[in-house]
Undergrad: 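Quick one: structure below, then a few questions.
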Number of protein chains: 2
Amino acid sequence: MPRVSEQYRQARREEIARAALRVLERKGVRDTSIADIVTESGLSTGAIYSHFTNKGELARYIVSEFMLPRLDAIAAGAQVRTPRQIIELMLAAVAENGISPAVILQFWAEGSVPGDIRDELLRTVVKLRAALASALLPWAREHTADEDQAARLAQARTLDVAAVAQGFIANEAIFGPRDPAEYLKAVTQILQ
Amino acid sequence: MPRVSEQYRQARREEIARAALRVLERKGVRDTSIADIVTESGLSTGAIYSHFTNKGELARYIVSEFMLPRLDAIAAGAQVRTPRQIIELMLAAVAENGISPAVILQFWAEGSVPGDIRDELLRTVVKLRAALASALLPWAREHTADEDQAARLAQARTLDVAAVAQGFIANEAIFGPRDPAEYLKAVTQILQ
DNA sequence: ACCTGAACACCGTTCAAGT
DNA sequence: ACCTGAACACCGTTCAAGT
């Protein structure tokens, strides 16, 4: 039985994860050691291992808690928003969540090889797509005959919204910061 | 002085790199050890270290030799091609070069943190942008007043061509294979 | 010069002992 | 129960010795 409250445990886990994120921003996923996180957090090796079973579980926690941008602005309301407007809101959410494109890209890379991190990333991605699909639904209803078709259209378009956001993040990670509005304008023109 | 020919050394380096790539496709960058490459190549640890100073140099060699898609089809000729057509050719080149989107994404991740791999990736990217810029030039000339403006427009658009290709690759790495034509059509529609 | 493979250093993980 | 930190296992790298 836990001697400390669940709230204490949660706070401790988040404290460790935030220390880890600070190191990740400085050194990258590959070069961040448990020793670095020990130093940054001020705790001991054993303390970290008493809150996360291993480095992978800490990574999964970071994915589940910090890699999904705040989607409140997207999810809220039943107003009709075009896919383009949803993309704009999503890029704004990415910019606001405080994690650099470089670290996001590194977690995608971890998630592109089979394993626990990939499983966690896919779970996170399912949540993201669900949020996007419900945001796209009012628009989809205006372009389809019945509710079933609308749901399918909205779900299909979430992949494309994600692709445009992924292009922006990968582009920023390699080539440096870029204005989201300028990016969208340039990519729209180029695809004509 | 080398006892064997430069040609032999080159062949040996490529042999090692191709063995490494086979392991990378199976296990990913993070989980590929020198021991794996030793087994896959049939050589010894020392043999690999006599051709590459360390794991990082092997990674840099792979980036410089295998990460740039064959751009012959793009570079050849002086015909006018729209950015859209260049993107189509580039996605075809990516599909043909035999390296999975997952492994490409993992090398981008390595290259998004400061270090030797990033330097090598940026050098490769400079070559890619030069090839794209020259391919875009005929089109750019038709949209500008003088040669100087045309060169600047072509160079600027290379970033956008890259972003669309990056979106495709990152999308495939996370969500699975996708038809390039369908992707371009969907993304074009969604951005209207 | 190219290659072998044992030895070394470092990092993730475990675990006996402390509070 | 939570935490400490030394001990262990594994992987990248080195290097003395072989051809």
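The basis for the numbers below is simple: all heavy atoms, side chains too, and nothing from hydrogens, waters or symmetry mates. So that the names make sense, note that chain A is the first sequence line, chain B the second, and so on, each numbered from 1.
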Undergrad: Atom OH of B:Y49 and atom P of D:dA16: how far apart are they, to the nearest Å?
TA: 17 Å
Undergrad: When you check the gap from the basic side-chain N to the acidic O, do A:R26 and A:E40 get nearer than 4.0 Å?
TA: yes
Undergrad: With distance as the sole criterion, is a donor-acceptor pair present between the side chains of B:T188 and B:R84 under 3.5 Å?
TA: yes
Undergrad: How does DNA chain C look in dot-bracket form if you count Watson-Crick and G-U pairs under 3.5 Å, write [ ] for pairs that cross, and put | where a base pairs with another strand?
TA: ||.|||||...|||||.||
Undergrad: Transitively linked via ILVMFWY side-chain contacts under 4.5 Å: A:V23 with A:V63?
TA: no
Undergrad: Salt-bridged, B:D148 to B:R152, with N to O below 4.0 Å?
TA: yes
Undergrad: Within this structure, what is the CG-to-C1' distance between B:L43 and D:dG12, rounded to whole angstrom?
TA: 17 Å
Undergrad: For A:I48 and D:dG5, what is the distance between atoms CD1 and C1' respectively, to the nearest whole Å?
TA: 13 Å
Undergrad: If you find the nucleotide of DNA chain C closest to B:A47 and the one closest to B:R30, which residue's nucleotide is nearer the 5' end?
TA: B:A47
Undergrad: What distance do A:Y183 atom OH and A:L91 atom CG have between them, rounded to the nearest 0.5 Å?
TA: 7.0 Å
Undergrad: Would you indicate, yes or no, if C:dG5 has its OP1 or OP2 atom less than 4.0 angstrom from a side-chain nitrogen or oxygen of B:T45?
TA: no
Undergrad: What's the CG-C1' distance between B:D36 and D:dC10, to the nearest Å?
TA: 12 Å
Undergrad: Could you state the CZ-P distance from A:F52 to C:dG12, rounded to the nearest angstrom?
TA: 15 Å
Undergrad: Output yes when at least one side-chain N/O atom of B:Y8 is less than 4.0 Å from OP1 or OP2 of C:dC3, else no.
TA: yes
Undergrad: Does A:S44 make a side-chain N or O approach to OP1 or OP2 of D:dC3 shorter than 4.0 Å?
TA: no
Undergrad: Just how far, in rounded Å, is P of C:dT14 from NE2 of A:H51?
TA: 16 Å
Undergrad: Hey, are A:D160 and B:R178 close enough for a salt bridge, meaning a charged N less than 4.0 Å from a carboxylate O?
TA: yes
Undergrad: Give a yes or no on whether B:E182 atom CD has more than 12 heavy-atom contacts from other residues, nucleotides or ligands under 6.0 Å away.
TA: yes
Undergrad: Specify the separation, in whole Å, of atom CD1 of A:I34 and atom C1' of D:dG5.
TA: 15 Å
Undergrad: Grab the CG-P distance between B:N54 and C:dC10 for me, whole Å please.
TA: 16 Å
